[in-house]
A.B. asks: 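Once you've had a glance at the structure underneath, I'll fire off some questions.
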2 protein chains.
Amino acid sequence: MLAARHFSIGEMCDEFSVTARALRFYEDEQLISPERRGTQRLYSERDRARLAWILRGKRVGFSLADIREMLDLYDVGDHRETQRLVTLERCRNRIATLERQREDIDTTIAELTDFITLIDASPKE
Amino acid sequence: MLAARHFSIGEMCDEFSVTARALRFYEDEQLISPERRGTQRLYSERDRARLAWILRGKRVGFSLADIREMLDLYDVGDHRETQRLVTLERCRNRIATLERQREDIDTTIAELTDFITLIDASPKE
DNA sequence: CTTACCGTTGACGCGAACGTCAACACAACC
DNA sequence: GGTTGTGTTGACGTTCGCGTCAACGGTAAG
């Protein structure tokens, strides 16, 4: 096996363009939980994947609480029947709101595009 | 001509499912500026269109400041050459971020869908 | 007239998502 | 051994987007 690589908080900040404060905040909010070597944080590949999820979630407008819930969905190894149904339900809800968002985005893009052609086609002579 | 219809703040609240507080806040922030009959607000069709824009903007994750900027783009009747170019530039930037958002949304939907098939295909017997 | 009801302007409060210190620890380098 | 760089934990400050009173005004109905 390859020795699992780890990353310092500084490296994470550079790579993902976030502040250390933000990373620590996400940890407080239980979105990521890096290991420690003594007192220092060591981020694994898994932590990086989670962070990517977090940032993507933020870009599409989810709150940290929302994102935490979604990450948790992936985590519960415990897929008892009822729990499983709840998870499915929530996933589907998420998807539904995402699809609505996409419609909104398309509408907005269309309007802005129309507007561009409008003012682009009427230059002052 | 038809007499232009106007709407009270209460009607607006019902129709768009927003609170009066929010509407007044948007007004403070110069996103809408309804007329007044005495002290009371009278919302026109134009105000309604703007509000729809605002709410759509919010759903796609824009800040009120962002939305205000976009609404302002439509407003400046003054399309002098330089101003016009600035407007075009901003519109294109907006569109670019919107398209990126849509990619993020698609990715997220895909992952959630994969996850659903995963846990949906492994029911406890 | 008075009781409702809808509306108005402040002003303060609040949760989210960090920013910004302060004070300290540890390791490397000169 | 001192300094520089990178990290740590509090703790308080800040911006955004309203919520939530309080105190008041107009008007329509009984």
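Order of the sequence lines fixes the chain letters, A, B, ..., with proteins taken first and strands second; residue numbering starts at 1 for each chain. Here the structure is a predicted model, which means the values were calculated and not measured. Scope of the values below: all heavy atoms of this structure, side chains included, with no hydrogens, waters or symmetry mates.
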A.B. asks: Which heavy atom of A:Cys13 sits nearest to which heavy atom of A:Ala20, and what is that distance?
C.D. replies: SG-N, 3.4 Å

A.B. asks: Which residue pairs pass the ring pair (Phe, Tyr, Trp, His ring centres under 6.0 Å) test when at least one of the two sits in residues 30-57 of chain A, sequence neighbours left out?
C.D. replies: A:Trp53-A:Tyr74

A.B. asks: Would you kindly give the CD-to-P distance between B:Glu27 and C:dG7, to the nearest whole Å?
C.D. replies: 14 Å

A.B. asks: Do A:Arg94 and A:Phe62 meet the cation-pi criteria used here (NZ or CZ under 6.0 Å from the six-membered ring centre, within 45° of the axis)?
C.D. replies: yes

A.B. asks: State, to 0.1 Å, how close B:Gln101 and B:Val60 come at their nearest heavy-atom pair, and which atoms those are.
C.D. replies: NE2-O, 2.7 Å

A.B. asks: Counting only distance, no hydrogens or angles, is the base of C:dT20 paired donor-acceptor with the side chain of A:Arg21 under 3.5 Å?
C.D. replies: yes

A.B. asks: Between A:Ile95 and B:Ile116, is a side-chain contact (heavy atoms from CB on, under 4.5 Å) present by the stated rule, with each step listed?
C.D. replies: CA-CA 11 Å; A:Ile95 292 178; B:Ile116 282 185; 4.0 Å; yes

A.B. asks: Are A:Asp66 and A:Arg90 ion-paired here, with the side-chain N under 4.0 Å from a carboxylate O?
C.D. replies: no

A.B. asks: What side-chain donor-acceptor pairs closer than 3.5 Å can you find for residues 22-31 of chain A, not counting sequence neighbours?
C.D. replies:
residue, atom, partner, partner atom, Å
A:Glu27, OE1, A:Arg41, NE, 2.5
A:Glu27, OE2, A:Arg36, NH2, 3.1

A.B. asks: Taking OP1 and OP2 of C:dA17, is either one under 4.0 Å from a side-chain nitrogen or oxygen of A:Tyr26?
C.D. replies: no

A.B. asks: Find the distance A:Phe25:CZ to D:dG13:P and express it as a whole number of Å.
C.D. replies: 17 Å

A.B. asks: To the nearest Å, give me how far apart CD1 (A:Ile9) and C1' (D:dG5) are.
C.D. replies: 15 Å

A.B. asks: Let me check the geometry of the helix from C:dC1-D:dG30 to C:dC30-D:dG1. What is the bend angle between the axes at its two ends, five pairs each, to 10°?
C.D. replies: 10°

A.B. asks: What do the steps show when you test B:Leu64 against B:Arg68 for side-chain contact (heavy atoms from CB on, under 4.5 Å), and what is the final call?
C.D. replies: CA-CA 6 Å; B:Leu64 293 186; B:Arg68 192 199 132 128; over 6 Å; no

A.B. asks: Please list, by residue number, the residues of residues 29-44 of chain B whose heavy atoms come closer than 4.0 Å to an atom of DNA chain C; answer none if no residue qualifies.
C.D. replies: B:Arg36, B:Thr39, B:Gln40, B:Arg41

A.B. asks: Evaluate the side-chain contact (heavy atoms from CB on, under 4.5 Å) criterion for residues B:Met12 and B:Leu51: first the C-alpha distance (whole Å), next the side-chain angles of each, then the deciding distance (0.1 Å), finally the verdict.
C.D. replies: CA-CA 9 Å; B:Met12 294 293 278; B:Leu51 181 55; 3.8 Å; yes

A.B. asks: Using a strict 4.0 Å threshold on nitrogen-to-oxygen distance, state whether B:Arg5 and B:Glu11 make a salt bridge.
C.D. replies: yes

A.B. asks: If you assign each of B:Ala22 and A:Glu11 to its closest nucleotide in DNA chain D, which residue comes earlier from the 5' end?
C.D. replies: A:Glu11

A.B. asks: Could you check how far CZ of A:Arg24 sits from P of D:dT9, rounded to whole Å?
C.D. replies: 7 Å

A.B. asks: Rounded to whole angstrom units, what separation is found between the CD1 atom of B:Ile67 and the P atom of D:dG17?
C.D. replies: 8 Å

A.B. asks: Does the pair A:Leu73 and B:Ile119 meet the rule for a side-chain contact (heavy atoms from CB on, under 4.5 Å), with working shown?
C.D. replies: CA-CA 10 Å; A:Leu73 292 182; B:Ile119 65 176; over 6 Å; no

A.B. asks: Just to verify, what does B:Arg59 make a side chain to side chain contact (heavy atoms under 4.5 Å, CB included) with, not counting sequence neighbours?
C.D. replies: A:Arg100, A:Asp104, B:Leu55, B:Arg56

A.B. asks: Quick check for you: among D:dG17, D:dT8, C:dT9, whose closest atom lies nearest to any side-chain atom of B:Ser63?
C.D. replies: D:dG17

A.B. asks: Which of residues 50-60 of chain B sit near DNA chain C, with a heavy atom under 4.0 Å from it?
C.D. replies: none

A.B. asks: A:Asp28 CG to C:dG15 P: how many Å, rounded?
C.D. replies: 17 Å

A.B. asks: Tell me whether the side-chain N/O atoms of A:Ser8 come closer than 4.0 Å to OP1 or OP2 in D:dG7.
C.D. replies: yes

A.B. asks: Can you tell me the distance, in whole Å, between the CG atom of B:Leu23 and the P atom of D:dG17?
C.D. replies: 15 Å

